[in-house]
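See below for the structure under consideration.
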Amino acid sequence: MTTTDDVAGENLDKMKANLARVEALTERLMGALGARKPVNPSLSAPNPELFQSAAVNYWAEMVENPQRLYEHQLSYWGKSVGHFVEAQKAFVEGGFKAPEDSGAADKRFSNPLWQTNPYFNFVKQQYMINAEAIRTAVEDVDDLEPKDKRRLKFFSDQIIDMLAPTNFLGTNPDALERAVQTDGESLVQGLENLVADIESNGGEMLVRLADESAFELGRNVGASEGKVVFRNDILELIQYAPRTEEVHATPLIIFPPWINKFYILDLKAENSLIKWITEQGYTLFVVSWRNPGAAEGRFGMSDYVESGMLEAVRVAKEITGEKQVNAVGYCIAGTTLHMTLAYMKAKGDKSIKSATFFTALTDFSEQGEFTPFLQDDFVDGIEEEVNKYGVLRSVIMSRTMSFLRSNDLVYGPAIKSYMMGETPPAFDLLFWNGDSTNLPGTMVMEYLRGLCQKNEFVTTGYEMLGEKLHIKNVTIPLFSVTCETDHIAAWKDCYRGFTQTGAKDRTFLVSQSGHIAGVVNPPSKKKYGHYTNTDLSQDAEGWMAGATFNEGSWWPRWEGWLSKRSGKMVPARTPGGAGYEALCDAPGTYVTLKPVV
């Protein structure tokens with residue numbers, strides 16, 4: 001029979017052990033933070049002039065129209081005081097009972113205590129009142145440029161999300177309950193998770209989204225059979241093993257984005273686009289871009305065209321003995337493939353028979369959710385960063401992308417990992433998402449200045465390799481896949497650029513879902529449908545108004561289009577050939593490269 005003294009002794013021993021762990025973790029934390037290479041401050045917030053302009057505007061409004069300001073303030077004060085009085089009344093009349101909560105559903109506040117406990121209910125309701133007051137104040141700023149107004153809204157929303165009571169231990173009932181249930185073990189484990197994340201990210205706090213120990217490249221992700229048949233300083237070219245007795249004569253090359261790694265198209269067998277394409281009877285080549293370090297910071301857009309895309313096309317032609325290939329460009333690689341096609345047109349090179357684009361932007365006149373980060377203050381900060389390190393470090397890109405969806409990709413995972421002490425889930429997509437890459441400094445600045453800011457490719461023309469490239473010179477058969485809820489490359493913006501190409505043979509469709517799930521959408525899942533419309537003479541809204549919705553994946557529709565442009569059937573080809581003997585098995589070496597910065 002356990003005595004009270006025994007229990008007390010066990011608890012004391014556990015507390016001493018946890019304190020010892022905390023002390024050791026604190027030493028590790030200090031060491032990790034000491035190794036941090038600070039991010040340029042201008043990449044963490046907008047130029048102070050933005051907030052100064054908003055403050056001046058707000059003050060001018062108060063002088064010119066004090067009644068409007070008083071209405072705002074009195075409304076906020078009235079709601080705050082009324083909320084306090086209501087909470088007091090509920091407590092006095094109903095005992096330990098929260099007032100009625102009729103607020104909108106928010107998954108951050110799913111714990112019943114947010115509704116039933118007076119303390120948590122009061123904190124939540126006051127947070128909602130505060131958030132509404134900030135949003136109203138921002139909405140009523142009148143004399144800012146539209147871009148500045150959009151930026152002000154974005155950064156004020158970031159502040160609102162950061163200050164949510166769920167992000168703090170003392171006002172998070174889930175974390176407090178877990179701490180009590182585990183005798184504080186969850187908090188110690190959370191500190192362990194925090195320290196591990198900071199150590200693995202060079203001193204930066206970048207929350208880990210997936211259990212990395214659950215995945216191994218070449219074993220359960222990126223595991224389709226193939227060989228690296230060519231390598232240069234910027235890419236490895238993988239030729240995948242055939243899965244049919246015969247294949248189409250014209251080979252297919254996929255150019256994935258170099259912002260992340262290619263195996264998003266080969267996560268696991270049941271959703272692998274790479275595997276599916278080979279099962280349809282194609283000789284498939286896929287580029288694996290080098291993860292650049294400081295020594296590769298010199299790579300520019302022209303290198304990705306000349307040493308990247310054109311070289312991959314040359315090698316695929318030599319290996320297969322064909323005069324032409326079909327090509328796919330995903331995201332930034334789709335943008336670059338457009339430029340490559342314009343360059344090939346100028347040179348009379350007909351090596352690419354048709355091109356497909358996955359979520360590819362070419363017209364940057366509308367910058368969408370990236371508007372806050374594409375103004376001069378941020379781009380100047382990026383330029384300082386790349387001048388210092390040679391590359392735009394992966395931690396900056398990861399952080400920027402995450403804050404576009406901060407509650408889902410920053411605060412939610414951080415709460416579970418650091419306050420609840422949970423191990424991240426074994427989710428292959430999130431594992432890939434965390435396996436980010438650096439970007440070469442030269443390429444970054446050329447892309448940001450010439451394409452994103454000046455929009456030269458669809459206006460005056462983009463100077464590259466001695467030619468002035470323009471989207472109207474992209475004239476081969478084209479197929480564009482976009483995604484309905486894509487927050488990185490909005491489908492309407494992709495459409496606007498696509499309709500400016502000079503091609504007569506053009507197909508455009510919109511898949512349901514977002515930037516990744518809308519593309520990685522195997523037919524077997526029967527999950528997301530897609531919209532089609534052959535009339536590209538209208539604007540985006542008109543196109544969608546006349547579109548037909550189709551159940552199921554767009555993959556078979558695209559393959560039907562591709563097969564008509566892929567030649568006769570020939571005996572299946574094994575990877576490699578004379579002069580292109582296999583260098584190693586897929587997924588290759590560049591995909592695992594840890595660059596030195």
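Just so it is clear, the structure is predicted and the values come from calculations on it, not from any experiment.
Here the closest non-hydrogen pair linking Ala269 and Lys275 is O-CD, 3.7 Å. Here the shortest heavy-atom pairing between Gly497 and Thr362 reads CA-OG1, 3.2 Å. For the residue pair Arg565 and Pro477, the shortest heavy atom distance occurs at NE-CB, 3.9 Å.
Remark: Thr475 pairs with Lys345 by the side chain to side chain donor-acceptor pair (under 3.5 Å) rule, at least two apart or across chains. Every residue meeting the salt bridge (Lys or Arg N to Asp or Glu O under 4.0 Å) condition with Asp408, not counting sequence neighbours, appears here in chain and number order: Lys107. Residues forming a side chain to side chain donor-acceptor pair (under 3.5 Å) with Glu383 (at least two apart in sequence, or on another chain): Arg449. Qualifying side chain to side chain donor-acceptor pair (under 3.5 Å) partners for Asp493, counting only residues two or more places apart in sequence or in other chains: Arg496. Listed by chain and residue number, Asp435 satisfy the salt bridge (Lys or Arg N to Asp or Glu O under 4.0 Å) test with Lys261 (two or more places apart in sequence, or in another chain). Applying the side chain to side chain donor-acceptor pair (under 3.5 Å) rule to Glu306 yields no partners; only residues at least two apart in sequence or on another chain are considered. When the salt bridge (Lys or Arg N to Asp or Glu O under 4.0 Å) test is applied to Asp303, no partner is found at least two apart in sequence or on another chain. Remark: Thr356 pairs with Val328, Phe358, Phe479, Trp558, Trp561 by the side chain to side chain contact (heavy atoms under 4.5 Å, CB included) rule, at least two apart or across chains. Listed by chain and number, the residues in a salt bridge (Lys or Arg N to Asp or Glu O under 4.0 Å) with Asp233 are Arg298 (sequence neighbours excluded).
Annotation: side-chain hydrogen bond (donor to acceptor under 3.5 Å, both in side chains) contacts involving residues 317-328, sequence neighbours excluded, comprise Arg314-Glu318, Lys317-Ser351, Glu318-Tyr580, Glu322-Arg573, Asn326-Ser354, Asn326-Ser566. Residue pairs meeting the ring-ring contact (aromatic ring centres under 6.0 Å, His included) criterion with at least one member in residues 513-535, sequence neighbours excluded: Tyr330-His515, Tyr531-Phe549. Counting only residues at least two apart or on different chains, no ring-ring contact (aromatic ring centres under 6.0 Å, His included) pair has a member in residues 458-478.
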Determine, step by step, whether Val519 and Ile516 satisfy the side-chain contact (heavy atoms from CB on, under 4.5 Å) criterion, reporting the C-alpha distance in whole Å, the side-chain angles of both residues, the deciding distance to 0.1 Å, and the verdict.
CA-CA 5 Å; Val519 172; Ile516 300 301; over 6 Å; no
Take Lys347 and Leu310, measure what side-chain contact (heavy atoms from CB on, under 4.5 Å) needs, and give me the verdict at the end.
CA-CA 12 Å; Lys347 295 298 184 182; Leu310 292 177; over 6 Å; no
Val286 and Leu265: CA distance, side-chain angles, deciding distance, side-chain contact (heavy atoms from CB on, under 4.5 Å) verdict:
CA-CA 10 Å; Val286 176; Leu265 301 176; 5.6 Å; no
Just do the side-chain contact (heavy atoms from CB on, under 4.5 Å) check on Phe370 and Phe364 with the steps written out, would you?
CA-CA 10 Å; Phe370 284 93; Phe364 294 87; over 6 Å; no
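Side-chain contact of Thr532 with Asn550: a donor-acceptor pair under 3.5 Å is present, judged by distance alone. Side-chain contact of Arg506 with Thr501: a donor-acceptor pair under 3.5 Å is present, judged by distance alone. Using modelled atom types and a 3.5 Å distance limit, the side chains of Asp363 and Gln500 yield a donor-acceptor pair.
Rounding to the nearest 0.5 angstrom, the gap separating the CZ atom in Phe299 from the CD1 atom in Ile234 is 5.0 Å.
Ion pairing between Glu225 and Arg243 fails under the 4.0 Å rule for side-chain N and carboxylate O. Between Lys525 and Glu270 there is no salt bridge, since no side-chain N of the basic residue sits under 4.0 Å from a carboxylate O of the acidic one.
Looking only at side-chain heavy atoms (C-beta outward), Phe255 and Tyr304 stay at 4.5 Å or farther from each other. Using a 4.5 Å heavy-atom cutoff, the side chains of Leu209 and Leu409 are in contact. The closest side-chain heavy-atom distance from Met397 to Ser436 is not below 4.5 Å. Side-chain contact check for Ile332 versus Met443: some heavy-atom pair is nearer than 4.5 Å. Contact check for Leu593 versus Thr589: no side-chain heavy atoms found under the 4.5 Å cut-off. Here the side chains of Leu562 and Gln280 are not in contact, with every heavy-atom distance at 4.5 Å or above. Counting heavy atoms from C-beta on, the side chains of Gln239 and Lys227 never come closer than 4.5 Å.
By the 30° and 60° cut-offs, the orientation of the rings of Trp491 relative to Phe508 is tilted. Using the six-membered ring where Trp is involved, Phe498 and His338 have ring planes that are perpendicular, over 60° apart on the 30 and 60° scheme. Below 30°, between 30° and 60°, or above 60°: for Phe155 and Phe378 the angle between ring planes is below 30°, a parallel geometry.
Within a 6.0 Å radius of CD in Glu279, other residues, nucleotides and ligands contribute more than 12 heavy atoms.
Here the options are Arg151, Arg150, Gln453, Gln367, the test is side chain to side chain donor-acceptor pair (under 3.5 Å), and the partner is Gln375; only Gln367 passes.
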